[in-house]
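Every chain is numbered from 1 and lettered A, B, ... according to where its sequence line falls, protein lines coming before strand lines.
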Protein chains: 4
Amino acid sequence: MILTLKTGTSRQEADKVIKKVKKLGYRPHVSRGVDVTIIGMIGERAERYRDVFEAMDAVDHISEIEKPYKLASREFHRDNSVIRIKGLEIGGPKIVVMAGPCAVESMGVTLDIARKVKAAGVSVFRGGAFKPRSSPYTFQGLGEKGLKYLSQVRKRTGLLCVSEAMAVDQVKLVGKYCDIIQIGARNVQNYDLLKEAGRQRKPVLLKRGMSTTIKELLLSAEYIMSQGNYKVMLCERGIRTFEDSTRFTLDLNAVPVLKKLSHLPVIVDPSHGIGIREYVGVMAKASVAAGADGLIIEVHPKPEEALSDGPQSLLPSQFERLMDELRKVASAVGREI
Amino acid sequence: MILTLKTGTSRQEADKVIKKVKKLGYRPHVSRGVDVTIIGMIGERAERYRDVFEAMDAVDHISEIEKPYKLASREFHRDNSVIRIKGLEIGGPKIVVMAGPCAVESMGVTLDIARKVKAAGVSVFRGGAFKPRSSPYTFQGLGEKGLKYLSQVRKRTGLLCVSEAMAVDQVKLVGKYCDIIQIGARNVQNYDLLKEAGRQRKPVLLKRGMSTTIKELLLSAEYIMSQGNYKVMLCERGIRTFEDSTRFTLDLNAVPVLKKLSHLPVIVDPSHGIGIREYVGVMAKASVAAGADGLIIEVHPKPEEALSDGPQSLLPSQFERLMDELRKVASAVGREI
Amino acid sequence: MILTLKTGTSRQEADKVIKKVKKLGYRPHVSRGVDVTIIGMIGERAERYRDVFEAMDAVDHISEIEKPYKLASREFHRDNSVIRIKGLEIGGPKIVVMAGPCAVESMGVTLDIARKVKAAGVSVFRGGAFKPRSSPYTFQGLGEKGLKYLSQVRKRTGLLCVSEAMAVDQVKLVGKYCDIIQIGARNVQNYDLLKEAGRQRKPVLLKRGMSTTIKELLLSAEYIMSQGNYKVMLCERGIRTFEDSTRFTLDLNAVPVLKKLSHLPVIVDPSHGIGIREYVGVMAKASVAAGADGLIIEVHPKPEEALSDGPQSLLPSQFERLMDELRKVASAVGREI
Amino acid sequence: MILTLKTGTSRQEADKVIKKVKKLGYRPHVSRGVDVTIIGMIGERAERYRDVFEAMDAVDHISEIEKPYKLASREFHRDNSVIRIKGLEIGGPKIVVMAGPCAVESMGVTLDIARKVKAAGVSVFRGGAFKPRSSPYTFQGLGEKGLKYLSQVRKRTGLLCVSEAMAVDQVKLVGKYCDIIQIGARNVQNYDLLKEAGRQRKPVLLKRGMSTTIKELLLSAEYIMSQGNYKVMLCERGIRTFEDSTRFTLDLNAVPVLKKLSHLPVIVDPSHGIGIREYVGVMAKASVAAGADGLIIEVHPKPEEALSDGPQSLLPSQFERLMDELRKVASAVGREI
């Protein structure tokens with residue numbers, strides 16, 4: 001961490017800052033210019049004390065040389081992390097497509113969609129059993145019954161499955177029935193939940209919050225990893241901006257930036273990211289071209305009867321055609337699906 | 001809820017929508033124009049089915065006549081709700097000031113601040129025992145030990161106290177030691193936590209998230225109230241925008257809008273809302289003029305030694321002067337402190 | 001335009017609204033429900049009077065059935081508009097790549113870049129002669145001298161060229177030397193400038209402002225078209241959001257949405273949209289996959305000596321490789337470059 | 001300007017940067033640490049070359065010690081600037097209220113409003129003759145005829161008046177008929193217009209754009225001042241955020257920040273800043289408490305007949321009551337109206 005003192009700071013005041021650096025156990029590296037004094041603070045995790053120095057009047061501003069996240073950073077792990085689940089590799093050359101309904105509603109419909117997306121080439125089935133809804137009066141998901149349906153789907157189709165845990169006591173439950181535990185956008189800074197996910201051994205799909213910066217997303221991944229679970233996927237799903245003709249603004253810039261800063265696989269959710277069915281396919285293709293390691297897409301045979309997110313779900317026939325188109329784009333950027 | 005069909009929708013397609021309305025148990029109120037057909041959907045909580053109709057091709061757009069929140073709405077309770085805690089009234093004519101350090105750090109410092117803010121006229125002491133920090137490597141709060149310090153402060157000073165619960169199992173714990181349970185900005189859509197707070201009888205201070213709309217904040221209050229706890233205060237604490245010369249953008253527009261839409265007391269947190277010490281006092285005054293029912297302000301005798309949020313904490317002497325200034329502004333808008 | 005009156009509006013108050021509709025020369029189409037009265041306002045350009053009705057107490061809200069833009073809308077022109085310039089087609093099956101330095105700096109460097117991008121397959125050369133800079137103390141462009149250099153480049157290389165006009169009196173000047181007149185992001189609502197561009201016959205490249213909605217961008221295009229110049233290209237170049245790890249947030253969602261709402265060609269500027277050299281290529285590929293009809297990319301042989309936007313300019317060798325990669329992505333989505 | 005080089009930069013690469021600093025005519029002030037080398041660049045207006053250094057691979061990041069604006073900065077002029085117009089002082093202890101209709105519509109209505117706001121204590125009359133409207137089909141203002149009405153109002157009432165210039169050739173015209181030339185939010189980075197305003201001797205009211213940062217607003221003021229016109233007022237009028245229950249988000253944080261960074265008077269426009277009549281008064285009071293030197297408020301006797309911005313205009317009777325309330329708040333913060 002580098003502390004730049006204010007122009008005109010007296011030697012005495014500067015010494016006060018230097019003394020503080022030492023007191024906290026760091027080695028100060030001081031360079032005094034004509035106008036300005038700069039103090040490097042050498043040692044581990046100096047950024048913990050950022051607040052302390054920001055509060056000192058003599059300090060003009062602070063630059064972090066070290067990144068605040070460690071385990072999630074590319075410096076910590078130079079190669080791409082590949083997460084392996086029963087023969088499937090996420091983060092390797094092959095792009096992984098996850099698909100299924102927003103919410104698990106009934107065994108029949110769920111199994112029907114699963115068979116269709118499997119036929120189209122999907123390897124991971126998505127379906128919500130616990131649904132975070134902004135209104136307490138809307139459908140909240142089937143709960144454990146929904147997870148049991150997913151478990152049936154796995155057995156009968158051989159698909160892997162991913163589902164969201166919204167609360168600490170749901171984490172183990174989702175882990176019991178599913179292969180991947182999803183942490184949703186609204187819970188990206190629910191640190192208790194992140195830590196619980198970090199205590200599991202199942203892979204975690206961590207969604208970016210609607211106003212989470214890239215740096216904060218990596219810090220949230222760090223919360224999971226700091227508990228010992230390194231199998232984390234990062235998921236861009238649209239951020240909140242002033243634009244109101246789409247549900248969210250899919251921030252595809254985040255894909256190459258995350259791939260640069262971190263070794264973790266990056267998944268994109270174009271369904272939430274644009275939120276309007278007829279545009280989902282195009283944005284899925286753009287996501288692949290932007291370098292995504294995977295996609296998560298909502299599919300429903302009767303979107304107008306879906307109890308959640310109908311307007312953004314693809315019909316199975318649309319999805320099937322999309323998979324063919326995605327294969328071409330993947331091949332154009334040197335990958336495959 | 002009102003469904004406007006697309007220009008050129010055939011009678012047959014329109015009938016399909018009408019049939020759906022009936023099937024869901026609502027009475028359709030149809031008006032066919034030359035170009036456009038409009039369908040009113042009469043009955044309780046029609047907005048639950050918004051997604052269903054959004055997903056129908058014939059539907060152009062949907063207007064909600066009824067608000068999605070009920071218990072939190074001004075329609076449900078015409079007069080201002082006044083929350084009473086041991087003789088203190090929040091939401092009445094008197095503006096309530098809550099003050100204290102960001103985090104509880106030691107018994108000595110905590111008690112010292114408490115005595116100073118009490119002398120300045122404060123009735124509620126704030127202090128965090130559980131701290132949501134974006135990095136897992138920064139100070140996370142003293143936990144239950146911190147709550148015990150707060151409990152001591154209550155006993156020795158007679159101040160009420162408020163502290164944040166970040167996880168379901170912390171809600172009861174905070175309720176045990178404190179008078180008001182705070183739900184923080186990052187947890188504003190942690191529905192499990194909201195419901196747990198709703199099952200308590202202690203008042204709840206609900207902070208707006210950094211990208212939560214006013215409507216969503218009221219829906220989050222509704223989650224708490226739907227469990228039976230009507231003692232909810234709404235807190236504006238700054239939203240995330242493109243402006244980077246302040247920590248957040250304090251949205252004071254939200255104060256009159258919330259007062260209009262809801263009967264719940266509205267508190268403002270200028271410390272987080274601007275995030276820079278020298279501007280906190282001015283924004284506190286603006287908050288009172290904007291109609292806030294209360295303020296929550298960070299105070300620390302040695303901000304440069306605070307383990308969290310030092311840069312935005314006022315010195316006790318600054319805070320004391322501010323209280324005098326706030327009294328004048330309160331009086332100018334027909335209230336008192 | 002459809003006016004929904006407030007619940008409980010009296011017959012008398014409703015009649016006042018109806019009378020107003022008639023007075024303004026529109027035919028009211030009234031449907032009275034049990035709770036709510038809805039008034040359709042039939043006739044051309046009713047949205048001009050939106051403010052009038054919003055200000056009436058009885059009016060709860062207003063929905064626009066007709067789009068506020070006409071000439072720019074897909075309804076006005078069902079097929080894609082193809083802009084033809086000396087044999088080049090913009091908006092047709094072939095994707096057009098425009099490339100060159102941010103600013104024209106000297107004849108030598110400019111011609112060198114032009115030859116290199118031409119060799120790589122570019123058909124339109126970009127280069128700024130008038131530069132909008134946020135500080136009055138930074139390089140402001142060479143002015144007409146820069147345009148003369150561009151004119152030389154055209155003659156010697158056969159490339160078409162595009163350059164920005166920032167002021168009314170620059171529009172004709174740019175039109176004199178160049179093939180396409182660019183209106184920059186900061187001037188997207190400079191209506192005087194838009195109208196002047198509309199009075200020319202040269203095609204216009206209209207950049208979206210950093211906080212312009214898609215609807216507002218189309219209205220700005222409408223300003224140009226309403227003066228008789230229908231040759232308008234829309235350009236997405238990144239919007240301003242809370243994310244600060246990239247210069248702007250490239251809103252690729254805007255591409256399919258604009259293609260749906262409008263018949264005008266859509267160009268993407270990934271250089272400004274992400275603002276960091278090493279990510280520009282990836283975002284260019286994503287733009288093609290998202291359905292862009294063209295790209296505009298900054299290229300400079302010595303970015304560290306560029307007087308403007310060096311950090312986001314590609315080296316000619318990087319750009320050459322990128323063109324090969326773009327051809328593959330274009331082919332994967334059924335187009336060519 | 002301070003250049004921090006990347007960790008591990010070789011001596012040779014560092015020397016290349018140093019050489020560049022010298023070549024541009026600056027004195028380098030180098031401090032080499034164990035891990036990191038820092039180069040201070042001493043001399044005037046080094047920030048012009050920011051792009052040059054950002055584009056160099058060895059440079060990790062750049063901090064500006066000097067502010068990019070000079071004349072607008074508090075460092076340039078320690079005391080508050082007071083703008084004097086015929087006995088009126090803007091920026092002094094007295095808060096100035098400007099009021100009037102959004103647009104000048106007819107002589108009769110305009111004069112009527114003027115007399116009413118004058119009676120309520122207003123000293124500057126506002127009224128638009130040139131109206132920037134997002135649609136080319138809505139009312140665009142009366143043009144010079146409107147300015148003549150304003151001129152009549154001045155003569156008959158003795159009020160000063162302010163009106164907007166949207167184009168270079170309107171600047172002189174507005175200056176001819178009015179006392180203050182307004183530059184609107186959409187033109188805040190129309191540099192040609194800013195320079196033209198800078199060539200006048202009449203005071204300028206510069207509105208912040210809906211996505212302009214505080215720093216950019218000060219740079220736009222610098223454009224005007226760099227031409228010799230130092231009589232600039234800065235105006236906060238709401239920024240664009242995700243919140244959609246108000247028209248804009250009034251950023252009152254900007255008031256104390258602007259007062260700290262600059263010596264120029266700060267005006268607030270609560271009418272546009274919240275955009276809904278019933279909340280305008282409350283936000284006007286909050287603006288005064290936040291330290292505004294002036295307010296600009298829309299007033300119209302028949303808002304439902306106003307051709308522009310009716311929904312946010314106060315009735316004269318509401319405005320009169322508001323003035324009384326504002327006086328109390330002003331007095332509470334040690335000022336008067």
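Side chains of A:Ser135 and B:Glu222 form no contact here, defined as non-hydrogen atoms less than 4.5 Å apart. B:Met210 has its side chain within reach of A:Gln189: a pair of non-hydrogen atoms, C-beta onward, lies under 4.5 Å apart.
The greatest number of non-hydrogen atom pairs below 4.5 Å with chain B, out of A:Asp169, A:Asn187, A:Leu219, A:Ile276, is found for A:Leu219. Note on A:Lys195, A:Gln170, A:Glu54, A:Arg133: by heavy-atom pairs under 4.5 Å with chain B, the leading option is A:Arg133.
Heavy atoms of B:Val52 lying under 4.5 Å from chain A belong to its backbone as well as its side chain. For a residue to count as touching a neighbouring chain, one of its non-hydrogen atoms must lie under 4.5 Å from one of that chain's; by this rule A:Lys302 does not touch chain B. There is no contact between A:Thr241 and chain B, counting heavy-atom distances below 4.5 Å. Both the backbone and the side chain of A:Asn190 come within less than 4.5 Å of a heavy atom of chain B. Only the side chain of A:Glu216 comes within contact range of chain B, with at least one heavy atom under 4.5 Å from a heavy atom of that chain. Proximity to chain A is limited to the backbone of B:Thr212, based on heavy atoms less than 4.5 angstrom apart. Contacts of A:Arg277 with chain B are made by side-chain atoms alone, with heavy-atom separations under 4.5 Å and no backbone atom involved. Neither the backbone nor the side chain of A:Lys215 comes within contact range of chain B; no heavy atoms are under 4.5 Å apart.
Looking at A:Arg240, its side chain does come within 3.5 Å of a backbone N or O of B:Ser211 through a donor-acceptor pair.
The residue from B:Arg186, B:Lys131, B:Gln140 that alone fulfils the side chain to side chain donor-acceptor pair (under 3.5 Å) condition with A:Tyr191 is B:Arg186.
Of all the heavy atoms in A:Pro136 and B:Ser226, the pair that sits closest is CB-OG, 4.1 Å.
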